[in-house]
Amino acid sequence: MQIPSGKKIYFLSDFHLGAPNHAVSLEREKRIVQFLDQIRTDAAEIFIVGDLFDFWYEYRTVVPKGYTRILGKMAELTDNHIPVHFFVGNHDMWMKGYFEEELSIPVYHQPQVFERNGKKLYVGHGDGLGPGDHGYKFIKKIFRNKACQWLFGILPPAVGVGIANFLSRKSRAVTGLSEEKFWGEENEWLIQYCKSILKKEHFEYFIFGHRHLPIDFSLEKNSHYINLGDWIRYDTYAVMDGTDMQLKTIKPDSESKIVRL
C-alpha cells in the first residue's frame, strides 16, 4: 500500500480508559477524542495498538458501560472511510466481534506485518514477547484459554467487572512508576525480541505499546524499535508519512522524556 500524497499513518496505544476512576478517565478520553478529530483531515490510517480500555470484556449481549465518546469517534472515522486497526492489549484482550460488527474495525490478537511505501512494519501490543516475564506469560495463557473465558462469562457482569477492576488496580500498584525508566538495551525485552526477529527478516519499524515509556531505538541500519508510550503520562504517538516515522507528543513537557537512542 502506498500512503496517498499529503496523508499520514498514526499509531497510538495505552489509553487505559476507565482508570484510575471515571472523572480522570473522562478527561483523558476527551483529550484523545480531540486529537483523533484533529488528525482525521490527513489520516490515511489509524492504528490503536492495545489497552484502549483498562478493562474490556464482551458478554453475549453486554459490553462495559461508558466510553461513548471514543467509540463514537472511531465509528465516525470508519464511516468516513478512514481505516482504523485495533490490537488487543493485556487489559482488553477479550474482544469477540463488537468492534468488527459495530465499528467496522478489524481486531488483531497477535502481532501483524504491514507494508507501507515499501517499508515493512511489525506491529503488536508487545505483552509477553521476548525473554523474561514468565509469570505474566503463564497468566496470559489462562486469560486466553476459551474455557476460562467461558467460565468468566457466566459470572454476572457486575461481579466479573468488579473482579477485573480489582486485578487492574493490583497490576498498577505492583508496576508503580518503574515503567518510566529505560532499563538498557540488554534488559529491554522488546528490544531483544526485535533483534531476534531481525536475524530472520528485516523490518524498517517495530511498533509496540505495553511498555508505557515512549522509546525510539535504532536497532541497526534502517531499522527502529518504536514504543508508543501512553496517554496517561506522556500523550505520545507515532506518525508515518511517505518517508519516515517520528515519535511525537502533544505535551511540550513530555518531549524531553522520550527515549531516543
Is it possible for you to say whether [X] and [Y] belong to one hydrophobic cluster, with membership spreading through side-chain heavy-atom contacts below 4.5 Å?
{"X": "Val88", "Y": "Ile70", "answer": "yes"}
{"X": "Phe11", "Y": "Ile197", "answer": "no"}
{"X": "Ile46", "Y": "Ile32", "answer": "yes"}
{"X": "Val107", "Y": "Tyr57", "answer": "yes"}
{"X": "Tyr108", "Y": "Ile105", "answer": "no"}

Looking at [Y], is its backbone amide N or carbonyl O close enough to the side chain of [X] to form a donor-acceptor pair, meaning the two atoms are under 3.5 Å apart?
{"X": "Gln112", "Y": "Gln110", "result": "yes"}
{"X": "Asp216", "Y": "Arg260", "result": "no"}
{"X": "Asp230", "Y": "Arg233", "result": "yes"}
{"X": "Glu185", "Y": "Ile191", "result": "no"}
{"X": "Arg28", "Y": "Ala19", "result": "yes"}
{"X": "Asp51", "Y": "Asp54", "result": "no"}
{"X": "Asn117", "Y": "Ile3", "result": "yes"}

For residues [X] and [Y], determine if any side-chain heavy atom of one lies less than 4.5 Å from a side-chain heavy atom of the other.
{"X": "Leu121", "Y": "Phe203", "result": "no"}
{"X": "Leu219", "Y": "Leu198", "result": "yes"}
{"X": "Phe114", "Y": "Arg116", "result": "yes"}
{"X": "Leu190", "Y": "Tyr225", "result": "yes"}
{"X": "Lys8", "Y": "Met240", "result": "no"}
{"X": "Ile82", "Y": "Glu45", "result": "no"}
{"X": "Leu103", "Y": "Val84", "result": "no"}
{"X": "Arg40", "Y": "Leu36", "result": "no"}

*Go through Tyr122 and Tyr205 one step at a time and tell me if the side chain to side chain contact (heavy atoms under 4.5 Å, CB included) criterion holds.*
CA-CA 6 Å; Tyr122 190 99; Tyr205 295 103; over 6 Å; no
*asked:* Pair Leu12, Phe47 - check side chain to side chain contact (heavy atoms under 4.5 Å, CB included), show working.
replied: CA-CA 6 Å; Leu12 310 89; Phe47 287 74; over 6 Å; no
*Between Phe87, Phe86, Trp94, which is the residue that forms a ring-ring contact (aromatic ring centres under 6.0 Å, His included) with Phe99?*
Phe86
*For the side-chain hydrogen bond (donor to acceptor under 3.5 Å, both in side chains) test, which of Glu204, His202, Glu201 pairs with Lys120?*
Glu201
_Angle between ring planes, His212 versus His16, binned at 30° and 60°: parallel, tilted or perpendicular?_
tilted
*asked:* Can you classify the ring geometry of Trp56 versus Tyr98 as parallel (below 30°), tilted (30 to 60°) or perpendicular (above 60°)?
replied: tilted
Mind checking the [atom1]-[atom2] spacing from [X] to [Y]? Nearest 0.5 Å is all I need.
{"X": "Ser25", "Y": "Lys30", "atom1": "OG", "atom2": "NZ", "result": "11.0 Å"}
{"X": "Leu52", "Y": "Ser13", "atom1": "CG", "atom2": "OG", "result": "10.0 Å"}
{"X": "Arg69", "Y": "Gln34", "atom1": "CZ", "atom2": "CD", "result": "13.0 Å"}
{"X": "Ile215", "Y": "Asn227", "atom1": "CD1", "atom2": "CG", "result": "5.0 Å"}
{"X": "Lys257", "Y": "Asp253", "atom1": "NZ", "atom2": "CG", "result": "5.5 Å"}
{"X": "Ile258", "Y": "Leu247", "atom1": "CD1", "atom2": "CG", "result": "4.5 Å"}

Closest heavy-atom pair and its distance - [X], [Y]:
{"X": "Gly130", "Y": "Tyr193", "result": "N-CD1, 3.5 Å"}
{"X": "Gln192", "Y": "Pro131", "result": "CB-CD, 3.9 Å"}
{"X": "Trp231", "Y": "Thr236", "result": "NE1-O, 2.9 Å"}
{"X": "Glu188", "Y": "Trp183", "result": "OE2-N, 2.8 Å"}
{"X": "Asp92", "Y": "Phe53", "result": "OD2-N, 3.2 Å"}
{"X": "Leu213", "Y": "Tyr234", "result": "CD1-OH, 3.7 Å"}

*Cationic N near anionic O, under 4.0 Å, Glu101 to Lys96*: no
*For the pair Lys195 and Glu220, evaluate salt bridge (charged side-chain N to carboxylate O under 4.0 Å, His left out) and give the outcome as yes or no after the intermediate values.*
CA-CA 9 Å; Lys195 287 185 172 183; Glu220 59 179 39; over 6 Å; no
*With Val33 as reference, evaluate Gln38, Met74, Lys73 under the side-chain contact (heavy atoms from CB on, under 4.5 Å) test and give the passing residue.*
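Considering Gln38, Met74, Lys73, a side-chain contact (heavy atoms from CB on, under 4.5 Å) with Val33 is found only for Lys73.
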_I need the single residue from Ile207, Asp14, Ile48 that forms a side-chain contact (heavy atoms from CB on, under 4.5 Å) with Leu228. Which is it?_
Ile207
*Could you walk me through whether Met95 and Glu58 pass the side chain to side chain contact (heavy atoms under 4.5 Å, CB included) check?*
CA-CA 6 Å; Met95 296 275 179; Glu58 294 177 19; 3.4 Å; yes
*asked:* Would Phe208 and His125 count as a side chain to side chain contact (heavy atoms under 4.5 Å, CB included) here? Give the steps.
replied: CA-CA 5 Å; Phe208 295 109; His125 183 60; over 6 Å; no
